[in-house]
Amino acid sequence: MANFKVGTTLFSFGSEYIKGELSLEDCIRTAAEVGAEGYEIVATQMIPTYPYVTDEFVGFIEECKKKYGIGPICYAANMDRGMRSDRDLTEDEMYGMAVNDLKQAHKLGCKIVREQFLLSPEAMVRLAPIAEEYDIKVGIEIHNPETPTSPMIMAYREAFEKSGSKYIGFIPDFGIFATRPNKPYWDQALAAGVAESTLERMAQLKYDEVPQEQAVAEIRKIDDSPAAMTVLTQMYGFVQFRKSAQPLLEEFKKMMPYVFELHGKCHYVSEDLKEASIPYNEIIPVVAETGFDGYIMSEYEDAGGFSGVEMVKRHIAMERKLVKDLHL
């Protein structure tokens, strides 16, 4: 039987944090107040001594845990291949960064590390014994426009299966299952003067899997404004969508033994608790079928200037309602 736990990545409150409206402690307190049972900390954003964790910071996190009842579950790492001005980092250098991430995550008590795909399948396999030593599971994030069937993701999956390790796997982002255009970007385009009929034509071109270059050529004849071109590029990029999530969900089930955490992406959750683009009512039952035991981390990605606090609050409520409806 599935055992869903709900949390949030503190990235969800990034806009408020960057503006100084919320401190790190405020973010943790707020996560608890909106119903999170644990959180993911984005290392580069919220650890002041990154790439290292000091004893003082560990003490701060432990004190927050006592105050608010929740602690860090996942350490969200960043693989900055371009951190040098003269060259890209080598494979060994990136592997070394990943080993350091494991050590810092261990100090914070995290049991999961989210890595990024710049760390190769081979490097992930090398990392497996270190992950096992620290008893931390390391997952490569699967983020739009990648999917469970992308050649790159399939290469990781093959490497993980061959390794036999239970400490390397995936952290899928539910944005990969989007079936409708991104509402905030759609609304921004309307506000910028793009006709709704033009947006509808863009969406149909994407649904019909018309190649991007061909779609651009057609839309330019209708509206070649920067606003129109921007939203079309978004539809073919990090917020792309498809007619149905079911084919990907079937493939997704096959990789679930290697899934350690789920990113509950949201861009806009309505007052009646529905995500505007992502069919959670289809996704959650499929995940439940696999017997998943772990966290869905709500991840509000600010695309329209909405309150991250309110969006996460609604998103967690939506997840709890969907899980309750399954009678788990």
Problem - Sequence-distant partners of Glu310, salt bridge (Lys or Arg N to Asp or Glu O under 4.0 Å), two or more places apart - result: Arg314
Completion exercise
Sorted by chain and residue number, the side-chain hydrogen bond (donor to acceptor under 3.5 Å, both in side chains) partners of Tyr156 (sequence neighbours excluded) come out as none
Practice task
Report yes if the side chains of Phe13 and Thr8 come closer than 4.5 Å at any heavy-atom pair, otherwise no.
Solution key: yes
Completion exercise
By side-chain hydrogen bond (donor to acceptor under 3.5 Å, both in side chains), Lys254 pairs with (sequence neighbours left out) Glu251
Less than 3.5 Å apart, which donor and acceptor atoms pair up between the side chains of residues 202-210 and the rest of the protein, not counting sequence neighbours?
| unit_1 | atom_1 | unit_2 | atom_2 | d |
| --- | --- | --- | --- | --- |
| Gln204 | NE2 | Asp208 | OD1 | 3.0 |
| Gln204 | NE2 | Asp208 | OD2 | 3.4 |
| Lys206 | NZ | Phe241 | O | 3.2 |
| Tyr207 | OH | Thr179 | O | 2.6 |

Handout entry: salt bridge (Lys or Arg N to Asp or Glu O under 4.0 Å) partners of residues 275-288, not counting sequence neighbours, each pair once
Key = none
Exercise for the section: Would you please name every residue forming a side chain to side chain contact (heavy atoms under 4.5 Å, CB included) with Glu213, sequence neighbours left out? Expected result: none
Exercise for the section: Find out whether Glu289 and Leu249 are in side-chain contact, i.e. whether some heavy atom of one side chain is under 4.5 Å from a heavy atom of the other. Expected result: no
Handout entry: Between Ser120 and Glu91: side-chain donor-acceptor atoms closer than 3.5 Å
Key = yes
Exercise for the section: Check whether Leu190 and Ile219 end up in the same hydrophobic cluster, where Ile, Leu, Val, Met, Phe, Trp and Tyr are linked by side-chain heavy atoms less than 4.5 Å apart. Expected result: yes
Exercise for the section: For residues Phe170 and Phe160, establish whether the separation of their ring centroids is below 6.0 Å. Expected result: yes
Practice task
Sequence neighbours left out, what passes salt bridge (Lys or Arg N to Asp or Glu O under 4.0 Å) with Glu218? Give chain and number order.
Solution key: Arg201
Show every donor-acceptor pair shorter than 3.5 Å between a side-chain atom in residues 42-67 and any protein atom, with sequence neighbours excluded, or say none if there are none.
| unit_1 | atom_1 | unit_2 | atom_2 | d |
| --- | --- | --- | --- | --- |
| Thr49 | OG1 | Tyr52 | O | 2.7 |
| Thr54 | OG1 | Phe57 | N | 3.0 |
| Lys67 | NZ | Glu25 | OE2 | 2.9 |

Exercise for the section: Please list, chain by chain and in numerical order, all residues satisfying side-chain hydrogen bond (donor to acceptor under 3.5 Å, both in side chains) with Asp302, sequence neighbours excluded. Expected result: Ser15, Tyr300
Handout entry: Partner set under side-chain hydrogen bond (donor to acceptor under 3.5 Å, both in side chains) for Lys183, not counting sequence neighbours
Key = Asp187
Practice task
Spell out, as yes or no, whether a donor-acceptor pair under 3.5 Å connects the side chain of Glu93 to the backbone of Thr90.
Solution key: yes
Problem - Check: Met97 main-chain N/O paired with Asn100 side-chain donor or acceptor under 3.5 Å - result: no
Problem - Side-chain touch Thr147/Ile153, heavy atoms, less than 4.5 angstrom - result: no
Problem - Pairs involving residues 264-284, ordered by first then second residue, that meet ring-ring contact (aromatic ring centres under 6.0 Å, His included) (sequence neighbours left out) - result: Phe174-Tyr280, Tyr268-Phe306, Tyr280-His315
N/O donor to acceptor pairs below 3.5 angstrom from side-chain atoms of residues 72-80, sequence neighbours left out:
| unit_1 | atom_1 | unit_2 | atom_2 | d |
| --- | --- | --- | --- | --- |
| Asp80 | OD1 | Gly82 | N | 3.2 |
| Asp80 | OD1 | Met83 | N | 3.4 |

